[in-house]
Number of protein chains: 2
Amino acid sequence: MTMSTTPPIDEVARDAAARLRAAGLRPTRQRVALVRALFGQGDRHVTAEQLYAETQALDVGVSLATVYNTLHQFTRAGLLRELAIGSGRSYFDTNTGHHHHFFYEGTGQLVDVPGELVQVASVPLPPKGTEVSGVDVIIRIKDGGC
Amino acid sequence: MTMSTTPPIDEVARDAAARLRAAGLRPTRQRVALVRALFGQGDRHVTAEQLYAETQALDVGVSLATVYNTLHQFTRAGLLRELAIGSGRSYFDTNTGHHHHFFYEGTGQLVDVPGELVQVASVPLPPKGTEVSGVDVIIRIKDGGC
DNA sequence: TTCTTCTTTAGAATCATTCTAATCTATTGA
DNA sequence: TCAATAGATTAGAATGATTCTAAAGAAGAA
Ligand SMILES: [Mn+2]
Ligand SMILES: [Mn+2]
Ligand SMILES: [Zn+2]
Ligand SMILES: [Zn+2]
């Protein structure tokens, strides 16, 4: 078995830059910081404001406008998936694979549900010329008052 | 077979008033107008602005604040179901039974999918003390550029 | 370097929704 | 029939998330 080692800081930055270049985006300081915040740990579901708050804490400041711009660019590039759950803020999901969500109404927290666990029976597809762009399943959880 | 006749205008209003009283709400002019706009025809999926525009056209004007107040009261009373589809406006659904939705991304239109057509396999339920308050399935339709 | 193109950003603008506080009205029971 | 009262309506202000604008800054190419 192999010991996992923390990669040196420069390597992390180089990875982030490579990921950005692969998406056709210039690896600016701000975007590198955002890639690291988003993809440095496991899968995440973040709002723009949450991500903005995180980067404010860091040395490299990122404006809120840039956070929004970048989240949308990453979504267009296929690095993120935008989730519209409640009719308020948008969530951005670093897990772009096929899966669904638990939504904790109390806290606004999202938790992944593997796509295989949900079976959607074949539904009558509407008018020709149209195409299913995605199926979202949201299981709303009421933090029960036991 | 029985001929369907258009009920006299007063009867419609009386029905609306009865429905409101049953929900514990005073049958004001505004609420009667909204009940008729919402439930006078088949199932509907409307936004607050849409409903506001409709009532503006009528003789009995209803303010936007009242449209919002009333939509939420009706939702609390179980007459409507609030749908959070995109992270913008809320839709209010006059069909409160078990069903799901096609969402036409181009037009913002919602179309019902009978609940039986969608099978959600049993998913691992999260921590005790919590309860599933609902399962929403949204089939997003991209108005295809064939 | 130097030029060009892309990027960042502060602040204003927009949009849906909610709040406030003043005015109005449905209900009720003298 | 008529206050009195609780509940309802409303204009306009406030809020919160997001987008836009336009000016200044930084990255890549030559
Ligand atoms: Mn968006
Ligand atoms: Mn609402
Ligand atoms: Zn997810
Ligand atoms: Zn519906």
Side-chain angles (χ1 to χ4, degrees), chain A residues 13-14 16-35 37 45-56 58-77 79-80 82-92 108 110, chain B residues 13-14 16-35 37 45-56 58-77 79-80 82-92 108 110:
Chain A
R14 234 177 302 114
R19 196 193 283 249
L20 284 165
R21 265 189 258 272
L25 297 167
R26 288 184 184 175
T28 62
R29 269 181 300 112
Q30 291 88 338
R31 293 209 271 229
V32 167
L34 290 171
V35 165
H45 303 88
V46 291
T47 65
E49 282 287 355
Q50 280 167 12
L51 193 56
Y52 174 64
E54 281 182 34
T55 53
Q56 286 302 92
L58 268 53
D59 350 347
V60 46
V62 182
S63 74
L64 185 56
T66 296
V67 170
Y68 274 104
N69 289 341
T70 305
L71 286 171
H72 284 130
Q73 289 159 349
F74 285 10
T75 300
R76 255 180 272 125
L79 299 172
L80 292 175
E82 185 172 0
L83 300 175
I85 301 291
S87 83
R89 61 200 75 188
S90 268
Y91 289 79
F92 292 86
L110 282 169
Chain B
R14 234 178 301 114
R19 198 194 282 250
L20 284 165
R21 266 189 256 272
L25 297 167
R26 291 186 183 174
T28 62
R29 271 183 298 114
Q30 292 88 338
R31 293 209 271 230
V32 168
L34 290 172
V35 166
H45 303 87
V46 291
T47 65
E49 282 287 356
Q50 280 168 11
L51 193 56
Y52 174 64
E54 281 183 34
T55 53
Q56 285 303 92
L58 268 53
D59 350 346
V60 45
V62 181
S63 75
L64 185 56
T66 296
V67 170
Y68 273 105
N69 289 342
T70 305
L71 286 171
H72 284 130
Q73 290 159 349
F74 286 10
T75 300
R76 256 180 271 125
L79 299 172
L80 293 175
E82 185 173 359
L83 300 174
I85 300 291
S87 84
R89 62 200 75 191
S90 268
Y91 289 80
F92 292 86
L110 282 169

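Numbered from 1 within each chain, the chains take letters A, B, ... in sequence-line order. All values reported here derive from a predicted model rather than from experimental measurement.
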Protein-nucleotide distance ([X], atom [atom1]; [N], atom [atom2]), rounded to Å:
X: A:Leu34; N: C:dT9; atom1: CG; atom2: C1'; result: 14 Å
X: A:Leu25; N: C:dT5; atom1: CG; atom2: P; result: 18 Å
X: A:His72; N: C:dT8; atom1: NE2; atom2: C1'; result: 17 Å
X: A:Asn69; N: C:dT8; atom1: CG; atom2: P; result: 7 Å
X: A:Leu20; N: C:dC6; atom1: CG; atom2: P; result: 16 Å
X: B:Arg31; N: C:dA26; atom1: CZ; atom2: C1'; result: 10 Å
X: A:Tyr68; N: C:dT7; atom1: OH; atom2: C1'; result: 19 Å
X: B:Leu64; N: D:dT10; atom1: CG; atom2: C1'; result: 11 Å

Residue-phosphate contact under 4.0 Å: B:Gln30 side-chain N/O, D:dT10 OP1/OP2:
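Yes, such a contact exists.
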In terms of side-chain heavy atoms of A:Thr66, which of D:dT18, C:dT18, C:dT9 is nearest?
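Among D:dT18, C:dT18, C:dT9, the one nearest the side chain of A:Thr66 is C:dT9.
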In chain order, what residues pass the side-chain hydrogen bond (donor to acceptor under 3.5 Å, both in side chains) check against B:Glu49, with sequence neighbours excluded?
none
Under the side-chain hydrogen bond (donor to acceptor under 3.5 Å, both in side chains) test, residues paired with B:Thr66 that sit two or more places apart:
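Once residues adjacent in sequence are excluded, the partners of B:Thr66 under the side-chain hydrogen bond (donor to acceptor under 3.5 Å, both in side chains) criterion are B:Ser63.
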Per-pair distances, 0.1 Å, donor-acceptor, side chain in residues 21-34 of chain B, under 3.5 Å, sequence neighbours excluded:
from, atom 1, to, atom 2, distance (Å)
B:Thr28, OG1, B:Arg31, N, 3.2
B:Arg31, NE, B:Arg26, O, 3.0
B:Arg31, NH1, B:Gln73, OE1, 3.0
B:Arg31, NH2, B:Arg26, O, 3.3

Using a heavy-atom cut-off of under 4.0 Å over every strand shown, decide if B:Gly61 touches base, sugar-phosphate, or nothing.
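Sugar-phosphate, backbone atoms only, no base.
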Spatial distance of atom [atom1] ([X]) from atom [atom2] ([Y]) [nearest 0.5 Å]:
X: B:Leu80; Y: B:Thr70; atom1: CG; atom2: OG1; value: 10.0 Å
X: B:Leu51; Y: B:Leu64; atom1: CG; atom2: CG; value: 10.0 Å
X: A:Phe92; Y: A:Gln50; atom1: CZ; atom2: CD; value: 11.5 Å

Listed by chain and number, what are the side-chain contact (heavy atoms from CB on, under 4.5 Å) partners of A:Ala48, not counting sequence neighbours?
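If we apply the side-chain contact (heavy atoms from CB on, under 4.5 Å) test to A:Ala48, skipping adjacent residues, the hits are A:Val67, A:Tyr68, A:Leu71.
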Using nucleotides 21-27 of chain D, report all nitrogen or oxygen pairs with the protein that are shorter than 3.5 Å.
from, atom 1, to, atom 2, distance (Å)
D:dA27, N3, A:Arg26, NH1, 3.4

